[in-house]
**Student:** 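Have a look at the structure that comes next, please.
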Amino acid sequence: MNSHSKTRITAVIGAAAIVAASLAACSAGGGGDAKVTISYLTGTDVTNATMAHDLIAAFEKQNPNITVKLDAAAAGGSADNDVKTKLSTGTMSDVFFYNSGSLFQALNADTKLVDLSDQPWAKSLTSDFKKTVSTKKGLYGGPLGASLGGGVLYNYGVYKKLGLSVPKDWKEFISNSEAIKAAGITPIEATYGDTWTSQIIILADYANIEAQQPNWAADYTANKAKYSDQPALTSFQHLSEIHEKGLLNADFASATNAQGLKAVAEGTAGQYPMLSALISTIQQNSPDHVNDVGFFPLPADKASDTQLTVWQPSALYIPRTTTGAKLDAAKKFIAFALSKKGCELQGKDLPPSGPFVTSLCALPSNVPALLKDMTPYFASKKTAPALEFLSPVKGPNLEAICVQVGEGITSPKDGAALYDEDVKKQAQQLGLKGW
Amino acid sequence: MTTIIAVPKAPSKRRLGPDLNRLRFHYPQWFFIPAMVLFVVFFAVPTFASLYFSLTRWTLFDAQFIGIDNFVNFFKDPQLSQGFVHTFIYGVVTSLAKVVLGFFIAVFLTSPVLGRGYLRAVVFFPVLVSTVGIGLTFKSLLDPFHGIVNGALSAFGIQGPGWLTDPNGALLTVAAVDIWKGLGVAVLIFIAGIVAIPQEYFEAARVDGANTWMILRRITIPLSYPAITTVVILSLIGGLRSFDLIWTMTSGGPGFTSDVIGSVIYKMYQAGFYGLSTAGNVILIVVVAAILVPLSRFLTRREVDL
Amino acid sequence: MVAGTVAIGVSVVVFLVPFAFILWQALKNKSDSAELNFAWPSQFVGWQNLVEVLTYNDNMILRAFVNSLVLTVLSVSIMVVLAAMTGYVLQRRRGRWNPVMNFFVLAGLIVPPAVVPTIWLLQGLGLFKTLPGLVLIEATYGLAFCVLLFRAFVAAIPRELDEAAVIDGAGPLRLFFSVIFPLLRPVIITVVVVQSVAVFNDFANPLYFTPGLDNATVQLTLFNFQTQTLSQYNLLFMDILLITIPPLVMYIFFNRQIVAGVTSGAVKG
C-alpha cells in the first residue's frame with residue numbers, strides 16, 4: 001500500500017499555482033538589453049542584510065539593466081517551513097539563500113530547483129561542498145560564505161598564563177579544565193539558556209566518530225548504527241561528564257550564547273565549545289578581544305582519532321519558477337557572488353572562520369586569529385563534514401535531549417536512547433529503508 | 001433588624017412565545033450571511049483540506065496516504081503524556097487566575113478609587129506588547145544570576161530559585177507571566193460587563209442597606225454572568241492551546257519539562273513532519289472541544305436575561 | 001484613599017518595571033545590551049538606536065507601520081460590524097441556523113488555521129500577497145472572539161427596547177443600527193481595542209499570506225535584529241518599544257471612551 005502517488009488535488013492546485021506564479025513573474029520582453037527585475041530572498045538579520053545590500057549594490061553597478069529586489073525570509077525555526085511552503089506553492093523569489101546538506105535534501109531539488117552544473121563556477125567547488133548541494137541528478141547551489149568548524153573556542157591568555165597546551169585527547173582536555181578551575185576561572189562555558197548551543201558537543205564530536213568508523217554515517221542512515229552504542233555514545237557521555245565533574249560555569253542553565261562568547265573572549269572562561277563562525281559576534285560585541293580567542297577541535301578519547309568537524313556554507317538556489325530573462329539574471333547574480341568582487345564582499349561581510357569552498361575565492365588578509373589554528377587540520381585533511389551533510393537523519397528534539405543530559409537531568413545512556421527513538425520519525429518521514 | 005435586599009428576582013430566560021412572532025422578523029437570519037461566508041470560505045475550506053493531510057505523510061511537495069499512522073505515532077510519542085499533563089495544568093491555572101483575579105480587579109476598578117484611570121491603563125499595558133517582547137523581557141528579569149527579580153529577593157536575604165531553569169518550576173513560572181499578560185483583557189471584559197449593570201440595582205441595594213460583600217454576591221456576580229462565561233471560555237481555550245509564550249521563554253524546556261501539546265506539535269511542524277503535526281492539531285482540537293463544548297453549554301444555560 | 005495608593009504602588013512594580021526594562025535596553029549600545037540587565041550603560045545611544053531602527057533596510061519600519069495601520073483598521077471594522085450582527089441575532093432568536101453559527105464560533109476559537117491550504121485558496125481567488133486578502137483573513141480569524149463577546153452582551157439589553165422600537169415602526173435594520181448598536185458601546189470599544197492590538201501584533205499571518213518586504217507589517221521587523229549568531233538586543237528592544245506605541249496611544253485614547261461609558265450608564269430607563 002505504498003504507492004507514491006501525488007494526490008489529484010495537490011497536482012491540480014499545484015499546477016494552477018505554478019501557472020499563476022509564472023504569469024505574475026512575467027518578465028519584460030525577450031532581449032538581453034531589456035530591463036529585468038529579480039527578487040532575492042534572504043534573512044533580514046544584520047549579517048544577511050548587509051551581505052545582501054552590498055552584493056546587490058555591486059551587482060547592479062556591473063549590470064545596469066538588472067534590478068534586484070530584496071525579499072524578507074522568516075527567521076529562526078520557521079525559516080525551513082517558510083522556504084518549503086514557498087517552493088511547494090510556487091511562490092518562491094527568483095533566487096534564494098538557504099542551507100546546504102540535509103536541509104537542502106528536503107527541498108525536492110530535482111523537481112523544484114534549477115540545475116546549475118553547467119555554470120562556470122561549478123568546477124571550482126570542493127568535492128565536499130558539491131555533495132551537499134547535489135542530488136544524483138544535478139548540482140543546485142552556489143556557495144555564499146566560507147566553511148566553518150565546530151570545536152572549542154579557548155582564550156589564549158588563560159592557556160598561556162597556566163602553561164597549558166592544546167589538548168590532543170579527552171583526558172588532556174579534562175586535566176586542562178581542572179587546572180583552569182583550580183586557578184579560579186570557569187573551565188568550560190555552557191550556555192543552555194540558548195538551547196541550540198547544547199548540541200554542539202554532540203555535533204562537533206562527529207568527525208571523531210568517523211575517524212573510528214569511517215562508514216558510520218551510512219550505517220546510521222540505514223538504521224544499523226545508533227547513538228546508544230559506541231563509538232557514538234561517547235559524545236553523550238562527554239556531554240554529561242563535564243557537568244558531573246563540576247567544570248561548568250555556575251549559570252550554565254540560563255547563560256546565553258552572547259554571554260558565553262563574551263566570557264571566553266575576555267578570559268573569565270577558559271574554554272567554550274562552539275562553532276567557529278560565532279567569532280563574528282565577538283567581533284561585534286568585544287572587538288578588542290577578537291584575536292584573544294583560539295580554536296581546537298573537540299578531542300576524542302584517543303589522540304589519533306581527533307579530527308575537525310566541518311560545516312559547509314549555505315548556498316544560493318534558483319527555483320524552477322524563475323524562467324526566461326529572469327533566469328539569466330539570477331544565474332548572473334550567483335556568478336557575480338563568486339567573482340573576485342563578490343568574494344571580496346563575502347570576506348568583508350561574512351567574516352570567514354574556515355576556508356572557502358571554491359577556488360575562486362581567497363581569504364582576506366585580516367582574518368581572526370582562530371583561523372590560523374584551524375588551517376593545519378584542513379591542510380592535513382584531518383577533517384570530516386558534520387553529520388547533517390552526510391545523513392538526512394536528524395531528530396527534532398536533539399536540543400531538548402542535550403539540555404537534559406547536559407544539566408544532569410537524564411543519564412547519557414537514556415539520552416542517547418531517547419534520541420535514537422526521536423530520529424525514527426524523521427527517517428520515516430523521509431521514507432528511508434530499514435526503519 | 002434584618003436587612004432585606006430588594007433585588008428583583010432574576011427572571012428566567014424568556015422563551016419566544018407566539019405573541020412575539022412578529023419580533024422574529026426583526027431578527028433576520030440573513031444577518032448571519034456575511035459572517036458565514038467569511039467562515040466557510042476562509043476557515044472551513046482550508047481546515048477540511050488540511051484534515052485530509054493528517055492522514056498522509058506530507059512533505060508539502062507530495063502526500064502519501066498512510067491512514068491513521070500519524071495518529072498512532074503521535075500517541076506513541078514519549079513526551080506526549082507529560083505534554084498532556086502540562087497542558088491541563090497550564091490551562092486550568094492560567095484560566096482560574098485570570099477569571100478570579102481579573103474579576104476582583106475589575107470590581108476594584110469600577111469603584112471610586114484613587115487613580116482609577118491610570119490603573120485601568122496600566123493593567124492593560126501588557127496586552128499591548130508582542131509576545132516575543134514579553135518573553136525576552138521576562139527571560140532576562142527572571143534570570144537566576146543576573147535578573148533583578150532574584151536581585152531584589154537577595155536584598156531581603158532570600159535566595160531566588162531558577163525560575164525558568166528549574167525543571168519543576170519552569171512551567172508555572174511561564175504560567176505566571178501568561179497571567180500577567182492576559183489579565184488586561186479579562187479585566188477589560190469584566191469592566192464592560194459590570195458597567196452594563198444598570199445603576200438602579202446598585203442604588204436600590206444601597207438604599208436597603210446592603211454592604212459591599214452582599215452587593216457583590218447578589219448583584220454584581222450574577223449579573224456579570226455573560227462576562228464571566230466569556231472570560232472562562234476564552235482563557236481556557238487560550239490556555240490549553242497556548243504555546244508561543246512558552247516557546248519564547250523556555251522552548252518547552254529545560255529539556256521537556258515545560259512542554260505542552262502546542263509545543264510538541266510545533267516541534268513536529270518545525271522538523272517538517274507536516275502530516276504528523278496536522279494530526280496532532282486534530283487531536284488537540286478534539287481534546288479542547290471535548291472539554292469546552294459541554295462547559296460552554298453548561299455555562300450559557302445559566303445565563304440571565306435582564 | 002489607602003487602597004488606591006497601595007494599588008498604584010503595586011501596579012508600578014508589577015506592570016511598569018518590565019517596561020522600564022525594555023526602555024533601558026533600548027538606550028544601550030550593542031555590547032551593553034547583550035548583558036540584558038539594569039546596569040548603567042557605558043554610553044547612552046538612545047537617539048542613535050532610534051535612527052538606526054527607523055532607517056534600517058530603507059525605512060522598512062515606516063512602510064510596515066502604514067501597512068499595519070491599514071490592515072488593522074480595515075479588518076477590525078469588518079469584524080465588529082459582522083460580529084455584532086451575528087451575535088445579536090444569535091442571542092435574540094432561536095433560529096435554525098443558530099447551532100451552525102455557534103459551532104463556527106467555537107471552532108474558530110479552538111481550531112488553528114491551516115496555512116498551506118489557505119495559501120492555495122488565496123492564490124485561487126487571486127488574493128494571495130495582497131492586502132485585501134490579508135484583511136479578509138484577519139477578519140475571519142477574529143470573528144469568533146467578537147461574536148462570543150457580542151452574543152454575551154446583547155443579553156444585557158432588555159427586550160423591552162426592541163419591542164418599543166418595533167411598535168414605533170422600526171424595521172430590522174433600523175432596529176439594529178439605530179437602537180441596539182449604540183447601546184453596545186462598551187463592548188464595541190472593548191472588541192475594537194483587543195482586536196486591534198491582536199491584528200497589529202500578529203506576525204504569523206502576514207508572514208505567510210503577504211510575504212515580501214513591500215507588504216511587511218511591523219512585527220516582521222523584529223526579525224531584523226535577531227539571528228542565531230548575532231543578537232542586537234538594543235535595536236531589538238528599541239523596535240519593540242516603537243511598535244508598542246501605536247497600540248498604546250490607541251488604548252489611552254479609547255480608555256477615556258470606556259470611562260465615559262461608565263458614567264453615562266448603560267441603559268437609560
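Just so it is clear: chains get the letters A, B, ... in the order the sequence lines come, proteins before strands, and each one is counted from 1.
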**Student:** Look up atom CG in D143(B) and atom OG1 in T256(A), then write down how far apart they are to the nearest 0.5 Å.
**Tutor:**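 Reported to 0.5 Å precision, the distance equals 8.5 Å.
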
**Student:** Select one option (side chain, backbone, both, neither) describing which atoms of S254(A) are under 4.5 Å from chain B's heavy atoms.
**Tutor:**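 Both parts, heavy atoms under 4.5 Å.
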
**Student:** Can you say whether P167(B) sits under 4.5 Å from chain A via the side chain, the backbone, both, or neither, judging by heavy atoms?
**Tutor:**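 Answer is side chain: those atoms of P167(B) sit under 4.5 Å from chain A.
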
**Student:** In terms of heavy-atom proximity below 4.5 Å to chain B, should S198(A) be classed as side chain, backbone, both, or neither?
**Tutor:**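 Interface part for S198(A): neither.
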
**Student:** What's the separation between atom NZ in K84(A) and atom OH in Y274(B), rounded to the nearest 0.5 Å?
**Tutor:**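 Taking NZ in K84(A) and OH in Y274(B), the distance rounds to 3.5 Å.
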
**Student:** With a 4.5 angstrom heavy-atom cut-off, is it the side chain or the backbone of A255(A) that approaches chain B, or both, or neither?
**Tutor:**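 Answer is neither: A255(A) stays 4.5 Å or more from chain B.
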
**Student:** I401(A), N397(A), V405(A), T410(A): which one forms the most heavy-atom pairs within less than 4.5 Å of chain B?
**Tutor:**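 Top count of heavy-atom pairs under 4.5 Å with chain B: N397(A).
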
**Student:** Mind ranking K424(A), E407(A), K394(A), Q426(A) by heavy-atom pairs under 4.5 Å with chain B and telling me who comes out on top?
**Tutor:**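 Ranked by heavy-atom pairs under 4.5 Å with chain B, first place is Q426(A).
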
**Student:** Considering non-hydrogen atoms only, spot the tightest contact between T165(B) and A253(A) and give its length.
**Tutor:**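 In this case the closest contact between T165(B) and A253(A) is CG2-O, 3.4 Å.
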
**Student:** Taking all atoms of both residues into account, what is the closest heavy-atom pair of F256(B) and Q404(A), and its distance?
**Tutor:**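 Result for this residue pair: N-OE1, 2.9 Å.
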
**Student:** Are any non-hydrogen side-chain atoms of Q428(A) and N73(B) less than 4.5 angstrom apart?
**Tutor:**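 Yes, at least one pair of side-chain atoms sits under 4.5 Å.
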
**Student:** What pair of heavy atoms forms the shortest contact from V403(A) to G255(B), and how long is it?
**Tutor:**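 Looking at all heavy atoms of both residues, the shortest contact is CG1-N, 3.6 Å.
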
**Student:** Could you tell me which portion of L87(A) (side chain, backbone, both or neither) has an atom closer than 4.5 angstrom to a non-hydrogen atom of chain B?
**Tutor:**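 Both parts, backbone and side chain.
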
**Student:** Taking all non-hydrogen atoms of both residues into account, name the closest pair between G193(A) and K139(B) and its distance.
**Tutor:**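 Looks like O-NZ, 3.4 Å.
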
**Student:** Is it true that, when you exclude I68(B) itself, more than 12 heavy atoms of the residues, nucleotides or ligands shown sit nearer than 6.0 Å to its CD1?
**Tutor:**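 Check fails, neighbour count at 12 or below.
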
**Student:** Is it the side chain or the backbone of L142(B) that comes within 4.5 Å of chain A heavy atoms, both, or neither?
**Tutor:**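 Answer is neither: L142(B) stays 4.5 Å or more from chain A.
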
